[in-house]
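What follows is a set of notes on a single structure, which appears directly below.
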Amino acid sequence: VTTYSNDGGREENLAFYRRELQAAGWREVPTRQFEELEGHRALELERGGSHLTINVTPVGEEGDRVVVCAILGARR
């Protein structure tokens with residue numbers, strides 16, 4: 001699990017991960033998590049039996065985001 005914060009917008013963060021991970025062979029799949037809770041958004045991807053979740057959540061002052069990246073292994 002990797003966690004960091006930045007001042008990028010929610011959609012900017014999601015677009016970055018969508019573009020970069022798809023270029024690396026990850027395929028986006030429908031999210032199984034809550035889709036929207038106070039600005040939270042999730043992006044889920046799969047590649048070769050591994051499952052990756054990207055969560056973008058607002059924190060602190062307006063505009064700050066925490067991004068959590070977790071590779072979860074095989075999806076069941």
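One is the number of the first residue; the rest follow in order along the sequence.
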Legend entry - Residues in side-chain contact (heavy atoms from CB on, under 4.5 Å) contact with Ala24, at least two apart in sequence or another chain: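 Ala24: side-chain contact (heavy atoms from CB on, under 4.5 Å) contacts with Trp26, Arg47.
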Inset, instruction - Please identify each residue that fulfils salt bridge (Lys or Arg N to Asp or Glu O under 4.0 Å) with Glu11, with sequence neighbours left out. - result: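 Partners of Glu11 by the salt bridge (Lys or Arg N to Asp or Glu O under 4.0 Å) criterion, ordered by chain and then number, come out as Arg41.
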Legend entry - For Arg27, all residues meeting salt bridge (Lys or Arg N to Asp or Glu O under 4.0 Å), sequence neighbours excluded: Glu46
Legend entry - side chain to side chain donor-acceptor pair (under 3.5 Å) partners of Gln22, counting only residues at least two apart: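 If we apply the side chain to side chain donor-acceptor pair (under 3.5 Å) test to Gln22, skipping adjacent residues, there are no hits.
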Inset, instruction - Hey, could you give me the CG/OH distance between Leu45 and Tyr17, rounded to the nearest 0.5 Å? - result: 11.5 Å
Legend entry - Nearest-0.5 Å distance, CZ of residue Phe16 to CG of residue Leu43: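 It is 12.0 Å, given to the nearest 0.5 Å.
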